[in-house]
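Below: the structure, in structure tokens.
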Amino acid sequence: MSYFFVPLANDVRRQSRPHARHDLLRGHARFTVTLRTIEAVHIGSGGRFLRGADIVREGARVVGRPGIPGSSLKGVLRSRLEAISKSCCVFTLRRQRLEGACVSRSFGGYEVEFDGRLRGEPVFGACEPDHCCLACSLFGLTTRQGRVRVQDHVADQGSSFKITSMPQLYAPRPHHLGDFDKDRAHCRLTVTRLFGRKFYRDGAQSDPEGPCHLVEAIPTKTVLRGDIMVLSPVDAELGALLAALGQNPKSALRLGSAKGHGFGQVDVEHVEVELRSGPTRSAATPEQMNDWRKAFVDSPDYWIDGEEALTAAQTAGHVTPL
Ligand SMILES: [Zn+2]
């Protein structure tokens with residue numbers, strides 16, 4: 001199976017986080033990030049063009065070069081941070097389309113829906129600006145902007161896309177996300193328990209039988225760079241971000257389309273952190289970063305089962321050459 005589930009925490013740690021303010025004077029941290037693609041990555045720009053008679057889906061560009069839009073990277077970091085902390089599931093909920101019923105692709109004539117009681121569980125409850133989980137405090141809620149700003153990451157000069165074939169992608173199959181009841185009388189599947197948060201594992205391969213389309217993909221071994229800024233962070237939050245970035249503990253990110261089909265694996269090769277407080281700037285030392293790690297692991301927001309499941313399945317071991 002190309003995906004796995006990270007177990008949900010039993011509880012969400014919602015609390016007031018008085019340091020979480022948008023105040024540059026309270027200091028901020030700038031992460032300078034170097035990414036290297038392990039698999040080809042396709043993040044669509046929405047555009048298409050013709051190559052001969054073939055339609056090619058255009059890849060996202062930053063300053064005219066292959067790039068990873070900040071919004072894509074931010075989404076991945078938020079999902080990972082949610083999974084390793086006692087955070088809510090609102091972002092994941094939106095991504096996994098847990099609201100409303102949809103047509104089943106596996107059971108002809110059936111609709112799939114999520115049991116209303118699932119949405120009543122703590123992880124699906126709403127955070128408030130003054131009473132929120134770690135992920136909402138850093139990445140924002142609908143009513144308050146987050147403190148993490150992720151810039152677009154751009155490929156080094158001389159990098160270019162490769163046009164490659166990508167398997168056709170289908171809508172998700174919601175009944176694969178948990179246990180479900182089958183109501184034959186009403187042709188309805190109801191998911192009653194979720195297995196957890198869904199992520200893609202290493203080494204997932206495409207189905208060569210399925211239909212394909214052409215895409216512009218960032219080739220393997222491409223280096224991309226960009227910055228991430230965090231306003232008013234505390235040590236545990238910096239440790240949580242280093243874990244979400246796959247730095248400590250080490251793991252690989254998955255970005256863009258066809259993550260279950262041999263695309264999207266990216267290694268965060270290097271992260272430098274500069275701390276700024278008023279006019280003072282200093283580069284974080286390895287010892288400081290270890291202290292941040294310790295602060296996160298010791299914090300009540302840390303969810304060890306989630307982190308262990310995520311890092312066990314998303315190592316940077318598998319390579320698909322392009
Ligand atoms: Zn939240």
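This is a predicted model, so every value here is computed, not measured. Both counts, for ligands and for their atoms, begin at 1 and track the order of listing.
- Taking 2.8 Å as the criterion, C132 does not count as a coordinating residue of the Zn ion (ligand 1), since none of its N, O or S atoms falls below it.
- Residue L50 qualifies as enclosed at atom CG: its count of foreign heavy atoms under 6.0 Å is above 12.
- Within the cation-pi definition used here (under 6.0 Å to the ring centroid, within 45° of the axis), K198 qualifies as a partner of Y3.
- Of the residues I68, I218, V41, the one that meets the side chain to side chain contact (heavy atoms under 4.5 Å, CB included) test with L35 is I68.
- Vertex the Zn ion (ligand 1), arms ending at SG of C88 and SG of C136: the angle is 100° after rounding to 10 degrees.
- Among R17, R13, R14, K86, the one residue that satisfies the side chain to side chain contact (heavy atoms under 4.5 Å, CB included) test with L134 is R17.
- The Zn ion (ligand 1) is the vertex of the angle joining SG of C133 and SG of C127, which measures 110° to the nearest 10°.
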